[in-house]
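Worksheet for the structure shown next.
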Amino acid sequence: MGREPDEDSRSSVEASVKATTGVIVAAVGTYNPVAGMALGALKEYVDAPILRLIEAERARRAERAEHALQAGSEEAQQSLDRLVQTIETSPDLLALMAETVQAAMETPLTSKIIALGRCLGRGVRDETRVDAERLRVRGLAGIEAPEVKLLEVLDKETYPTPEGWIQGRWPGWRRPEILIELPGFENVLDASIARLTAEGIARDDGIGRFGGGEHDAREMWILTDFGRDCLSLLLAVSQPTGATPE
């Protein structure tokens, strides 16, 4: 007995995804020393265990790119073939796709991979959003697990202010309260905050406020609208991405 039609169709789609992903990863990988590495040329100089590690990393990068493209296909509500055909017609979409795949290949975070793919899919679905989606891709590309943890803290309700203050809660997150929530960040918090501010994801709302003394109010970190947008993309991974592709 032959395979069921839906199984044949599923196998065909999977083969198409892998073939298309392979081409895209190869193209983007030419700009990356690992993804674009020619293993055959290295065998003369590198030990077999190291070659296995390199090959494993290449395989992981290809799988991440595949997941991002699948998420983009679902978000755009198009088959992968149709998605690629649409992208091929637009230099702007090609640039968005390249940045999306590159960022996806470099992260181990599943939520980030899918969020990146959704940005691509939204750009494909509505080309007036391509520039905005490229900015989202760049913002997401600049953060990893430590920054996501900090994002989640900054998205929470802030701590109460000392008794006698007009405001019941701090207008933003101070360093002492952040470190209560993230006790392992004592020596790396500056680096994590710098990355978020560089991407426009967080800002200091304490600038210009009166500070000094025990309850210094000068440093009040909050998420920007863009930061909340990026966080919502990361947190929405468990939600359905849209209708069945064409």
Side-chain angles (χ1 to χ4, degrees), residues 17-18 20-22 24-25 28-29 31-36 53-76 80 83 95-124 132-156 173 178 181-185 187-202 221 223-242:
V17 168
K18 291 184 182 300
T20 303
T21 301
I24 293 172
V25 171
V28 176
Y31 301 99
N32 184 279
V34 174
L53 288 176
I54 294 173
E55 181 57 42
E57 175 59 16
R58 282 162 56 94
R60 279 192 292 266
R61 291 171 70 86
E63 184 179 7
R64 294 164 186 167
E66 179 181 325
H67 287 167
L69 290 172
Q70 287 174 323
S73 172
E74 294 175 16
E75 182 68 31
L80 183 65
L83 182 82
L96 174 61
M97 181 276 296
E99 291 189 39
T100 298
V101 171
Q102 184 68 60
M105 288 195 298
E106 293 177 354
T107 182
L109 293 178
T110 299
S111 59
K112 178 175 168 179
I113 292 168
I114 296 176
L116 288 163
R118 286 180 168 176
C119 291
L120 174 62
R122 295 196 302 196
V124 169
E133 297 305 334
R134 285 186 73 181
L135 289 171
R136 289 187 179 91
V137 166
R138 291 173 184 178
L140 290 169
I143 60 176
E144 289 295 341
E147 288 76 36
V148 174
K149 291 177 182 178
L150 180 54
L151 280 177
E152 291 175 339
V153 169
L154 299 185
D155 193 49
K156 294 179 182 179
W173 279 85
I178 292 175
E181 300 291 321
L182 300 173
F185 276 52
N187 297 321
V188 298
L189 182 57
D190 286 337
S192 191
I193 287 177
R195 187 171 288 270
L196 293 185
T197 54
E199 299 299 340
I201 290 173
W221 296 104
L223 292 181
T224 62
D225 290 340
F226 180 65
R228 283 188 288 272
D229 187 29
C230 289
L231 180 60
S232 69
L233 278 169
L234 293 168
L235 297 180
V237 166
S238 61
Q239 300 175 7
T241 54

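Keep in mind the model is a prediction, meaning the values are calculated, not measured. Quick note: numbers below take in every heavy atom, side chains included, and nothing from hydrogens, waters or symmetry partners.
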message: Rounded at 0.5 Å granularity, tell me how far CG in Leu231 sits from CG in Asp155.
response: 5.0 Å
message: Counting C-beta onward and ignoring hydrogens, is there a side-chain heavy-atom pair between Leu150 and Leu189 closer than 4.5 Å?
response: yes
- request: Start with the C-alpha gap between Thr110 and His67, add the side-chain angles, then the distance that decides, and say whether side-chain contact (heavy atoms from CB on, under 4.5 Å) holds.
  value: CA-CA 9 Å; Thr110 299; His67 287 167; 5.8 Å; no
Exam field: side chain Arg60 to backbone Pro108, donor-acceptor pair closer than 3.5 Å: no
query: Does any N or O in the side chain of Thr100 come within less than 3.5 Å of the main-chain N or O of Leu96, such that one atom is a donor and the other an acceptor?
result: yes
query: Who are the side chain to side chain contact (heavy atoms under 4.5 Å, CB included) partners of Glu181, not counting sequence neighbours?
result: Val153, Lys156, Tyr159, Trp173
task: Tell me, please, which residues at least two apart from Asn187 pass side-chain hydrogen bond (donor to acceptor under 3.5 Å, both in side chains).
output: none
Value rounded to 0.5 Å, distance of CG in Leu233 from SG in Cys119: 5.0 Å
Residues Phe226, Ile201; criterion side-chain contact (heavy atoms from CB on, under 4.5 Å); working and verdict: CA-CA 6 Å; Phe226 180 65; Ile201 290 173; 4.0 Å; yes
- prompt: Could you state the interatomic distance from OG (Ser192) to CD1 (Ile143), rounded to the nearest 0.5 Å?
  reply: 9.5 Å
query: How close do Ala104 and Arg64 get, heavy atom to heavy atom, and via which atoms?
result: O-CB, 3.3 Å
message: Check whether Arg195 reaches the backbone of Gly142 with its side chain - one donor and one acceptor, N or O, closer than 3.5 Å.
response: yes
query: From Leu109 CG over to Leu116 CG, what is the distance, rounded to the nearest 0.5 angstrom?
result: 10.0 Å
task: Provide the closest heavy-atom pair for Met105 versus Ala65 in the form atom of the first, atom of the second, distance.
output: CG-CB, 3.8 Å
task: Assess whether side-chain contact (heavy atoms from CB on, under 4.5 Å) is satisfied between Leu80 and Leu83, documenting all intermediate values.
output: CA-CA 5 Å; Leu80 183 65; Leu83 182 82; 4.0 Å; yes
message: What verdict does the side-chain contact (heavy atoms from CB on, under 4.5 Å) test give for Arg228 and Thr224, after you've listed the backbone C-alpha separation in whole Å, the side-chain angles of each residue and the deciding distance to 0.1 Å?
response: CA-CA 6 Å; Arg228 283 188 288 272; Thr224 62; over 6 Å; no
- prompt: Where do Leu234 and Ser111 come nearest, in terms of heavy atoms and distance?
  reply: O-CB, 3.6 Å
statement: Output for pair (Ile178 CD1, Leu154 CG), nearest 0.5 Å, gives 5.5 Å
- prompt: Looking at CD of Glu75 and CZ of Arg118, how far apart are the two atoms once the value is rounded to the nearest 0.5 Å?
  reply: 6.0 Å
query: Going by atom types alone, do Glu106 and Gln102 pair a side-chain donor with an acceptor below 3.5 Å?
result: yes
query: Do any pairs count as a side chain to side chain donor-acceptor pair (under 3.5 Å) and have a residue in residues 135-147, sequence neighbours left out, and if so which ones?
result: Glu99-Arg138, Thr107-Glu144, Lys112-Glu144, Glu133-Arg136, Arg136-Asp229
